[in-house]
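Below you'll find the structure, written out as structure tokens, and then a few comments.
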Amino acid sequence: MPQYQEKATVVRVERFSAENIRLTFDCPDIALAAQPGQFVMIRTGTGKDPLLRRPFSIHQTTSDSLIQVYFKVVGRGTEILAQLKKDQQISIFGPLGNGFRIAETTPACLVGGGLGIAPMLFLAKRISQLKKDCANDLIILGGRVRTEVEPLMADFAQFGFRVAAATDDGSFGRHGFVTEVFSSHDLPERCTVYCCGPEPMMAAMSVLCRKRHFPCQVSVESVMACGMGACLGCSRPTRDGSYAHVCLDGPVFDAEEMIWNI
Amino acid sequence: MPQYQEKATVVRVERFSAENIRLTFDCPDIALAAQPGQFVMIRTGTGKDPLLRRPFSIHQTTSDSLIQVYFKVVGRGTEILAQLKKDQQISIFGPLGNGFRIAETTPACLVGGGLGIAPMLFLAKRISQLKKDCANDLIILGGRVRTEVEPLMADFAQFGFRVAAATDDGSFGRHGFVTEVFSSHDLPERCTVYCCGPEPMMAAMSVLCRKRHFPCQVSVESVMACGMGACLGCSRPTRDGSYAHVCLDGPVFDAEEMIWNI
Amino acid sequence: MEYLKDQAPIPDLRVSIGSLTLANPVMTASGTFGYAREFEELMDLRRLGAIIVKGISLSPRAGNQPPRIVETACGMLNAIGLQNVGVERFIEEKMGYLGNLKVPIIVNILGESLDEYRQITEKLSASEAIAAIEINISCPNVTKGGVAFGTDPAMAAAVTRAVKERSGVPVIVKLSPNVTDITVIARAVEDAGADAVSLINTLIGMAINLKKRRPQLANIIGGLSGPAIKPVALRMVYQVARAVSVPVIGIGGITTAEDALEFMLAGATAVQVGTANFVNPRASEEVVTGISEYVLAEKLPSVREIIGALEVC
Amino acid sequence: MEYLKDQAPIPDLRVSIGSLTLANPVMTASGTFGYAREFEELMDLRRLGAIIVKGISLSPRAGNQPPRIVETACGMLNAIGLQNVGVERFIEEKMGYLGNLKVPIIVNILGESLDEYRQITEKLSASEAIAAIEINISCPNVTKGGVAFGTDPAMAAAVTRAVKERSGVPVIVKLSPNVTDITVIARAVEDAGADAVSLINTLIGMAINLKKRRPQLANIIGGLSGPAIKPVALRMVYQVARAVSVPVIGIGGITTAEDALEFMLAGATAVQVGTANFVNPRASEEVVTGISEYVLAEKLPSVREIIGALEVC
Ligand SMILES: Cc1cc2nc3c(=O)[nH]c(=O)nc-3n(C[C@H](O)[C@H](O)[C@H](O)COP(=O)(O)OP(=O)(O)OC[C@H]3O[C@@H](n4cnc5c(N)ncnc54)[C@H](O)[C@@H]3O)c2cc1C
Ligand SMILES: Cc1cc2nc3c(=O)[nH]c(=O)nc-3n(C[C@H](O)[C@H](O)[C@H](O)COP(=O)(O)OP(=O)(O)OC[C@H]3O[C@@H](n4cnc5c(N)ncnc54)[C@H](O)[C@@H]3O)c2cc1C
Ligand SMILES: Cc1cc2nc3c(=O)[nH]c(=O)nc-3n(C[C@H](O)[C@H](O)[C@H](O)COP(=O)(O)O)c2cc1C
Ligand SMILES: Cc1cc2nc3c(=O)[nH]c(=O)nc-3n(C[C@H](O)[C@H](O)[C@H](O)COP(=O)(O)O)c2cc1C
Ligand code: FES
Ligand code: FES
């Protein structure tokens with residue numbers, strides 16, 4: 001699969017809150033090759049500190065040449081990205097990793113928690129393109145507070161999926177966790193679940209899916225230096241007793257392969 | 001002497017060329033205490049690289065609360081400073097060092113070469129405040145090219161000094177070095193010379209002044225870590241065989257004390 | 001060492017180095033804080049746990065030719081050449097001011113022979129305002145062909161004994177990181193009577209000016225300090241804290257209270273702020289404030305709770 | 001080594017490591033370039049002077065528990081745990097591709113005993129596509145209580161001899177910087193027959209997560225690499241180049257051609273680009289381009305002119 005290192009130009013900055021930001025970059029090669037569930041490595045500056053690139057899911061491609069990332073400020077790198085302004089340039093490397101394997105013939109349930117919402121938009125869009133009708137398909141978005149979910153509802157609404165929301169503090173949608181929303185919905189048989197979010201949430205989802213014999217794909221994280229298989233730093237222990245490398249073998253895995261950090 | 005570490009706000013950015021830039025900062029404590037020939041240590045960023053502050057002469061104070069620095073882009077730190085925009089904040093530490101000792105009763109000759117022009121504006125302003133009439137006083141400004149000198153002529157013209165200019169390529173003022181301009185002018189007896197510029201120029205000026213028995217003060221540079229006497233890194237060998245510390249004993253010295261790096 | 005509950009300050013930041021009790025664990029690293037007076041306008045010196053002054057030798061030293069310093073990635077190299085006024089002028093000119101600060105003054109000493117270390121110690125014993133001595137053993141032993149005292153356990157122990165025999169105050173031995181196994185040196189000086197060890201001194205490094213095809217420093221090589229060396233310093237503090245029973249003082253790239261707390265988790269009883277003083281003259285005071293806020297926020301009975309509290313399953 | 005004038009490329013970037021002549025002095029550092037194929041989409045592998053692959057052991061290794069890496073100031077710590085496919089699968093699965101690249105392939109090997117090093121060397125001798133062997137002696141010698149081979153001159157020499165006896169290709173010994181005097185180790189391996197030395201491997205470091213009160217790495221300690229260690233690497237290359245007569249290969253924080261040229265001025269015949277490959281997958285190729293431009297701009301007859309050309313008055 002092709003990978004590109006591009007000088008990307010910021011074409012749009014959307015601040016959903018002080019912490020939650022969406023950036024739109026012009027990087028044609030990456031946009032054209034990107035698949036739902038893949039990620040990019042972004043260099044936060046041009047200097048030597050912070051040294052390493054930071055991994056971010058591809059939130060969506062909004063044209064043949066634009067990609068979006070939706071991120072939260074958690075440290076130095078994301079702080080720097082949060083200060084980016086329109087027309088500034090930055091080095092982006094990707095698309096990387098193996099994305100979601102879309103089951104076209106079965107109903108889909110997309111579950112995104114917190115920043116795990118990020119890759120779900122691209123996935124929903126692609127599914128809606130592959131299927132003529134998504135009325136049987138469900139999207140569940142969860143977050144701690146309103147600002148983590150509400151700003152994205154409109155984008156998710158456009159594909160004809162049923163969309164449900166939940167927040168930990170009840171400030172938007174159902175008061176509680178996405179898992180509760182998931183359990184409360186009567187989903188069709190042979191539903192395929194696509195999930196991304198905090199480890200405890202993905203762990204819980206994988207248990208629920210196992211019970212109902214739903215195949216469940218999860219997008220997981222790990223610390224990364226290179227994002228492309230060179231450093232072997234992104235390993236995660238798997239059920240078979242070996243290590244998987246998130247950047248190469250993932251970031252999307254079958255939930256059954258995973259050992260959760262909880 | 002009082003020293004302050006201030007969060008200074010950029011109130012004005014003047015680009016005389018891609019390389020030569022003048023910044024105006026709002027830092028009241030430093031502005032109020034500043035003396036001609038003193039310098040400030042500017043932190044170019046908030047991160048850990050580049051690590052150390054950079055020293056810059058106080059170009060002038062333009063009110064009780066504003067100071068200016070006039071600098072040239074030569075490396076990483078000045079590159080970062082060159083990108084500063086109005087209203088951004090930055091940490092400035094100063095005023096530091098011993099400035100020029102102004103001889104109020106004798107005619108003055110100010111000689112600035114290249115970036116050595118920077119401290120001369122503050123000095124000229126102060127001299128003009130101390131003396132009622134500066135008709136006998138001379139300012140000589142030199143640079144490699146027009147853009148290093150011309151943009152500052154107007155500022156220097158306002159104090160009633162005679163002002164002469166020279167450029168290495170003849171693109172502005174006399175074709176040649178400030179030393180030639182100095183020699184060609186018939187200066188009054190007992191003239192006090194204040195000089196800042198490249199080492200070869202200051203070395204040449206000190207020889208000319210010795211010949212004519214003019215006291216000559218020079219503002220010199222050295223690499224600096226702290227700017228305030230803590231690191232002992234800014235030493236310069238002096239004629240008496242010991243070391244002077246530019247940040248504490250200088251940056252202004254009697255030319256006779258100096259050993260030149262040429 | 002007993003800390004009396006009834007007279008415990010809140011938050012309780014007290015730590016002990018041998019018989020010396022500090023109000024808090026934050027010191028200034030030798031050579032990065034001048035003789036303290038340089039900072040009086042810029043911070044409240046009285047808030048420091050201790051002040052360690054520029055390294056003092058028997059006779060005054062002029063130091064090295066410039067350039068003496070150069071910036072590196074997240075760090076700096078220095079080859080000051082141990083410039084100092086010498087022990088006599090130090091006592092005459094500096095101790096008067098320092099003695100009045102009501103902050104423990106620790107004198108960092110350096111010598112080129114055992115005898116020099118002995119003589120400096122004797123001269124310092126005269127001044128009772130000195131709270132402790134820190135021995136810089138990273139200097140070359142000229143009587144032993146210039147090998148640094150700090151790289152050989154026997155020499156390091158010998159210096160420690162020489163100073164300890166003549167010192168009425170606690171003796172801290174400052175270890176060099178430029179060794180294969182720093183725990184060997186640490187144990188050697190502990191056995192020789194050191195009341196505490198401090199580490200790390202600078203890593204030996206070099207920088208080159210490509211344009212001039214010359215070293216950036218007149219001395220060719222210099223000491224690397226700053227955030228760049230913090231991972232090496234943390235590792236060595238962690239190892240030494242497990243190898244010796246005397247207090248360990250952590251040094252290396254400490255810029256914030258978080259950095260200092262990490263060193264304490266690794267086993268440091270106290271810390272020293274060095275290069276950070278150049279970037280932010282208030283750094284050492286801000287580290288004290290930050291540690292104090294942390295102890296309050298975490299509701300710790302005292303800062304001593306976190307010494308060596310790192311969880312390594 | 002004779003460089004034929006008539007067939008000299010322009011610019012002439014050729015350098016020699018023992019009997020091996022490289023088109024240019026730029027290699028990729030072991031463990032930072034995978035098995036090279038990972039980079040084929042991102043750069044022109046054929047422009048490299050040599051490719052050094054991830055360290056290979058006798059049998060496959062799973063590596064350490066995560067987290068295996070953490071970023072530090074201008075650097076990173078890694079504790080990969082020498083994960084690799086083992087020498088047999090390496091030859092079967094990787095050498096085919098590598099052999100067709102027409103770039104000298106240097107295999108970095110590691111072992112826990114002399115015998116392991118011997119066996120790997122024998123197995124590698126089978127494959128004639130291998131241009132040289134680089135011995136990683138920074139690994140613990142389990143038969144000697146886990147002390148790293150690279151910290152003891154005798155052990156380092158023994159490993160060198162063991163490999164050299166069985167290798168038909170030049171043997172490069174990669175030195176550990178975690179020693180008191182790296183020139184002692186360098187001379188020991190030179191006397192034992194090393195065709196070249198490469199340095200530095202990573203400095204041992206540690207990072208702590210204050211919130212969790214735990215080490216950032218599951219392995220607690222790890223190897224520090226990146227720009228932060230460049231000053232230490234430059235200093236050691238400068239010292240070793242003066243201590244041995246075999247070629248020295250410089251490693252440590254090299255990100256640009258300027259960095260590489262500084263190492264060559266200090267005495268390096270060639271260089272390796274490591275951590276920089278993670279930040280910029282094209283870094284190694286850009287270093288080749290930059291060196292080439294420098295040699296042309298400076299009108300040097302060859303890049304070899306600058307090896308050790310540092311002026312130290
Ligand atoms: C494949 C992949 C896709 C990702 N997609 C997104 C996304 O779409 N949106 C988003 O906001 N974030 C995403 N992340 C997480 C993101 O990479 C981290 O938040 C980011 O690297 C933090 O960088 P920083 O410099 O701001 O924080 P740092 O200063 O590096 O660290 C600050 C805090 O963040 C934690 N942290 C650092 N790196 C990671 C990481 N890789 N994963 C989890 N926590 C981390 C640290 O432990 C520390 O507590 C993704 C991570 C991976 C591996
Ligand atoms: C007391 C004092 C007053 C100064 N006033 C001014 C001023 O008013 N305007 C101005 O433009 N510059 C002034 N300088 C020089 C200024 O400090 C340097 O140009 C600046 O530090 C370069 O930083 P950098 O990060 O851009 O360059 P670096 O990346 O640090 O270095 C780039 C190049 O600049 C050279 N350099 C670095 N520091 C210095 C230095 N201190 N002196 C000379 N060359 C240096 C280096 O050798 C290198 O070749 C002054 C210096 C001193 C000591
Ligand atoms: C400019 C400078 C001068 C120093 N002088 C001394 C000294 O005289 N004696 C000493 O023991 N250590 C000296 N050091 C080492 C520091 O005390 C400290 O051990 C080292 O810098 C690491 O800490 P840091 O990274 O916080 O700076 C000096 C360091 C610097 C940067
Ligand atoms: C992730 C990682 C893995 C490494 N693996 C090896 C290895 O298997 N064998 C080896 O000899 N060196 C290994 N090294 C050390 C590098 O080859 C190099 O010596 C070191 O990183 C310093 O160079 P740098 O600062 O350019 O990265 C590794 C380094 C890193 C960062
Ligand atoms: S991040 Fe480097 S191998 Fe996965
Ligand atoms: S710059 Fe630190 S003492 Fe002068």
Side-chain angles (χ1 to χ4, degrees), chain B residues 1-7 29-30 33 41-55 74-77 91-97 199 220-238 240-248 250 258-261, chain C residues 28-43 53-55 60-85 216-218 222 225-228 230 253 255-256 259 274-284 286:
Chain B
M1 19 143 219
Q3 297 172 345
Y4 309 94
Q5 198 179 174
E6 290 189 78
K7 270 246 147 305
D29 295 338
I30 295 172
M41 295 288 285
I42 300 185
R43 194 160 173 197
T44 59
T46 54
K48 294 179 177 145
D49 192 71
L51 181 67
L52 300 174
R53 289 170 181 266
R54 301 293 194 257
V74 298
R76 291 186 310 150
S91 171
I92 302 186
F93 171 42
L96 302 163
E199 298 255 329
V220 303
E221 293 189 359
S222 82
V223 191
M224 292 187 173
C226 72
M228 43 83 80
C231 74
L232 304 183
C234 61
S235 58
R236 255 187 97 109
T238 51
D240 63 15
S242 73
Y243 289 116
H245 290 287
V246 174
C247 76
L248 279 184
M258 291 293 101
I259 297 170
W260 299 106
N261 303 324
Chain C
T28 54
S30 178
T32 68
F33 207 64
Y35 297 107
R37 191 168 200 158
E38 295 84 349
F39 289 78
E40 67 184 352
E41 296 268 350
L42 296 158
M43 60 175 284
V53 292
K54 175 72 184 157
R61 280 167 166 251
N64 290 333
Q65 282 279 340
R68 289 178 172 188
I69 50 177
V70 61
E71 191 178 55
T72 64
C74 285
M76 66 178 278
L77 286 166
N78 89 84
I80 305 304
L82 303 166
Q83 173 185 348
N84 77 93
V85 296
Q216 293 277 21
L217 299 174
S225 66
K230 185 186 153 198
T255 308
T256 64
D259 295 329
T275 298
N277 295 312
F278 304 151
V279 181
N280 171 12
R282 264 195 301 268
S284 54
E286 288 173 6

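Below, chain A is the first sequence line, B the second, and so on; all start at residue 1. Only this structure's heavy atoms are used, side chains among them; waters, hydrogens and symmetry mates stay out. This one's a predicted model, so the numbers in the text were calculated from it and none came from an experiment.
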**Message:** Applying side-chain hydrogen bond (donor to acceptor under 3.5 Å, both in side chains), can you list everything that pairs with Ser284(C), at least two apart in sequence or on another chain?
**Reply:**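 Here no residue qualifies.
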When you compare the side chain of [Y] with that of [X], does any pair of heavy atoms fall below 4.5 Å?
X	Y	value
Lys54(C)	Leu232(B)	yes
Leu42(C)	Met228(B)	yes
Lys230(C)	Lys48(B)	no

With a 4.5 angstrom heavy-atom cut-off, could you sort out which part of [X] is near chain B: side chain, backbone, both or neither?
X	value
Thr72(C)	backbone
Asn277(C)	neither
Pro281(C)	both
Arg282(C)	both

**Message:** Given 3.5 Å as the limit, does a donor-acceptor pair link the side chain of Gln5(B) with the main chain of Asn280(C), or not?
**Reply:** no
**Message:** Would the distance check show the side chain of Tyr243(B) and the main-chain N or O of Gln65(C) forming a donor-acceptor pair, the cut-off being under 3.5 Å?
**Reply:**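 Yes; judged by distance alone, with no hydrogens or angles, the pair exists.
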**Request:** Report the option among Pro237(B), Cys231(B), Gly229(B) that has the most heavy-atom pairs separated by less than 4.5 Å from atoms of chain C.
**Result:**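 Ranked by heavy-atom pairs under 4.5 Å with chain C, first place is Cys231(B).
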**Asked** Who wins among Met224(B), Arg43(B), Met41(B), Arg53(B) for the most heavy-atom pairs under 4.5 Å with chain C?
**Response** Arg53(B)
**Request:** Only counting residues at least two apart or in another chain, list the ones meeting side chain to side chain contact (heavy atoms under 4.5 Å, CB included) with Pro67(C).
**Result:**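 Residues passing side chain to side chain contact (heavy atoms under 4.5 Å, CB included) with Pro67(C): Ala218(C).
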**Prompt:** Do you know which of Gly31(C), Cys74(C), Gly226(C) has the most heavy-atom pairs under 4.5 Å to chain B?
**Reply:**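 Of the options given, most contacts go to Cys74(C).
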**Asked** Going through the checks in order, is the side-chain contact (heavy atoms from CB on, under 4.5 Å) test met by Glu71(C) and Arg54(B)?
**Response** CA-CA 11 Å; Glu71(C) 191 178 55; Arg54(B) 301 293 194 257; 2.6 Å; yes
**Prompt:** Quick one: what part of Ser235(B) sits under 4.5 Å from any heavy atom of chain C, side chain, backbone, both or neither?
**Reply:** both
**Result of checking Val70(C), Val279(C), Ile69(C) against Leu52(B) for side-chain contact (heavy atoms from CB on, under 4.5 Å)** = Val279(C)
**Complete:** Between Glu41(C) and Pro2(B) the two heavy atoms that sit nearest each other are OE1-CA, 3.7 Å
**Heavy-atom closest pair, residues Cys226(B) and Phe278(C)** =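 Taking every non-hydrogen atom into account, CB-CD2, 3.6 Å.
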